[in-house]
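So the structure is just underneath, and the comments pick up after that.
Naming convention: chains lettered A, B, ... in sequence-line order (proteins, then strands); numbering from 1 in each chain.
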2 protein chains.
Amino acid sequence: MTTLENVAKLAGVSTATVSRTLNTPEQVESTTRAKVTDAIAKTGYKRNEMARTLASQSSRTIGLLTDTFSSSYFSPILEITTKILHQHGYFTLVEAMGSTPSTTSSETQNRAWHSLTSRQVESVILLSGLINDDLLRRMFSEFPSSVIIGQTIKGAEDRCVSFDHYKGGQLAAEHLLKKGHRQIAMIKGSSYREDSVERAQGFKDELAANNIKLDADAIFEGDYTVDSGRAATKKILKKRDNFTAIFSHNDDMAAGAISELHIAGVDIPNKMSIIGFDNSAIAQAVHPQLTSISQPIKAMGHSAAILALNLSKSQRNKNEFEQPQLRFSPEIIERHSVKQLNTVAEQ
Amino acid sequence: MTTLENVAKLAGVSTATVSRTLNTPEQVESTTRAKVTDAIAKTGYKRNEMARTLASQSSRTIGLLTDTFSSSYFSPILEITTKILHQHGYFTLVEAMGSTPSTTSSETQNRAWHSLTSRQVESVILLSGLINDDLLRRMFSEFPSSVIIGQTIKGAEDRCVSFDHYKGGQLAAEHLLKKGHRQIAMIKGSSYREDSVERAQGFKDELAANNIKLDADAIFEGDYTVDSGRAATKKILKKRDNFTAIFSHNDDMAAGAISELHIAGVDIPNKMSIIGFDNSAIAQAVHPQLTSISQPIKAMGHSAAILALNLSKSQRNKNEFEQPQLRFSPEIIERHSVKQLNTVAEQ
DNA sequence: AATCTTAATGTAAGCGCTTACATTAAGATC
DNA sequence: GATCTTAATGTAAGCGCTTACATTAAGATT
């Protein structure tokens, strides 16, 4: 292992000079800089980031904490986040709180949190999902430079990147209404998840604004998996036969619905329309391709990364970046799963 | 920030003793251990892993290097890998060589590699995909404790976890044959990818062994995306009208094929059977659910993690673990996309 | 009782860097 | 030419740990 000292000796300068040509080259004369650069090349010297962190008291790394690596949000967020951070000389450190939602024990949570803090991350980006509120709040207070995606925490709004789920629900209702649908079923997610509650509320409110009531017996619950979408759809088909559309709270459950409808011989979209949420990869893979409410997940990750950078030690007080966008709005991506009903016949 | 010294002072012992109660508690007397534990709790002391790494000359971290975070293999591998490594007190550090396959520039590659080595990883797990061979070989020689998943490197077979793609192709052919199919099309991946070449060869050979020739005009190429599966299927439908089955080199392309066949009004599996590869999440989401050749990706990740642990600094010469399985075999997961043909009528 | 073991603890020297401060050299200014 | 700036470099003190070695105390052994 070649060290700074080896390089210094070879170049005939002090370690401080080598360190400077690496970190602030403009502070060293071009001739010595050349000598040092040569020596580095010759020895194949590689910085030791651990030593650097210890000495400089800043790790230039930001943690990314998620519930589970298999969340559909995880990869895109990690991707964009890593990219932005790298551009500013920062590293990313990922950690999950449980491999499956049910595995999320407080032990794993603590381990993950410890792994992040003990490695001196300067900020952490929390990818909200099933992380329970208590833990979330604790982390937020323990770590004043942490940032969260997908949830708004009272009193720390400037560290939250959020999405307007309510408006997403409205958009879905509006679209279905515009297409002439009146008898609509909804497959929602967990009642314990705020995002799901908001989506449901927005949907209901928009229907109500058009004098349509979403009855309790038109609401079904799933757990975001394809299979739960199938199960819910079975119930939908059993319950009533006059639904013309289904609003699913995510695309996976919508895919399950499509699958079940195929099995039951119900033509999509002619006999049943479906609208999903998230515009995830699966929306384009099913048949018919799924109309979905899109969450600008990359843009949100981008904001979170900038935010984290702003809050991180080395950047603090530099205010290098403008304040990023914190609140994001849904967009509808129309594909082929929603049919325009003959409104004359329907009304 | 509380440090070891703070804790030591509070507990009235030396820093060495605190360090010992943390790392080798059996070496310290229970009464002093109690004092130290108390002090740690009172101060809320958290280890500084960076300092620890520097002092102990071992980082207890293993890198995971992938082409892209959005690979379908990435999440499961990361998940299992993190789990195993954590169980042995190790950290995981992930890095990608490019956000999209096309972004894989040598600059990003070097950055990723540097990020890993400069942070003192003791071993790195390479997730083979589009990583080009040159780079791969360089990494393998530069880093004798690196491990690779998905490829066998000559002369370093004991550091490679691989999958029998050839047998996978055979299995697909065998299944289709058994179900009575004779006119079969294949959607393959890139000819530059060894795994694809092997799958194709195994498939061909098995057909040939049953006196069926896979004509060149029955082979179509895709790039593993859903859309490329659609495009290939369009060509298939145009080319000949007597195919009864399609073998797709991955599930995404198979999903594309299903989608296109639906559009063309071709009934699956009655008029066309499909078999995919990888048994990824999408296989269960499409309709009909896709029969697929499964790659035991979790088991492979498990092996790679154990291998990496064996090769890592702190474990070396301990041979704590038995040599893990290095070669994995395919398994067919039957679902509903392949029909049993009336063989009498067919022959 | 003298000596030997052994277990528990302390002492202090780094690990490979960064950085405040000191030093030196060389123009600029008068 | 003496003094002042300023830029380039060096010196050395840590950053928060680990760990080889030294020390001490207390049984065990004779």
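- A ring-centre distance under 6.0 Å is found for B:F74 and B:F69.
- With hydrogens and angles left out, the side-chain atoms of A:Y90 and A:S312 include a donor and acceptor closer than 3.5 Å.
- The number of heavy-atom neighbours closer than 6.0 Å to CD of B:E5, taken from other residues, nucleotides and ligands shown, is 12 or below.
- Residues from residues 27-37 of chain A that place a heavy atom under 4.0 Å from any atom of DNA chain C: there are none.
- Side-chain polar atoms of B:Q120 and B:T53 form no donor-acceptor pair below 3.5 angstrom.
- For A:Y73, the side-chain hydrogen bond (donor to acceptor under 3.5 Å, both in side chains) test picks out A:D278, A:Q295, with sequence neighbours left out.
- Remark: B:R159 is positioned above the aromatic ring of B:F140, its terminal NZ or CZ atom under 6.0 angstrom from the ring centre and at most 45 degrees off the axis.
- Listed by chain and residue number, B:W113 satisfy the ring pair (Phe, Tyr, Trp, His ring centres under 6.0 Å) test with B:F143 (two or more places apart in sequence, or in another chain).
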What dot-bracket string describes DNA chain C from 5' to 3', counting Watson-Crick and G-U wobble pairs whose defining distances are under 3.5 Å, with [ ] for crossing pairs and | for pairs to another strand? ||||||||||||||||||||||||||||||
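- Side-chain contact, A:H114 with B:E49: no donor N or O sits under 3.5 Å from an acceptor N or O.
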Heavy-atom contacts, protein to nucleotides 13-21 of chain C, under 4.0 Å, summarised as B (base), S (sugar-phosphate only) or - (none) per nt, yield -BBBBBBB-
Nucleotide N/O to protein N/O under 3.5 Å, stretch nucleotides 25-28 of chain D:
none

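- Here SG of B:C160 is found 10.5 Å from CD1 of B:I149. Values are rounded to the nearest 0.5 Å.
- Judged by the 6.0 Å and 45° rule, B:R119 forms a cation-pi pair with A:F91.
- With 3.5 Å as the limit, one finds a donor-acceptor pair spanning the side chains of A:S162 and A:R327.
- With rounding to the nearest 0.5 angstrom, the CE atom of B:M97 is 9.5 Å from the OG1 atom of B:T66.
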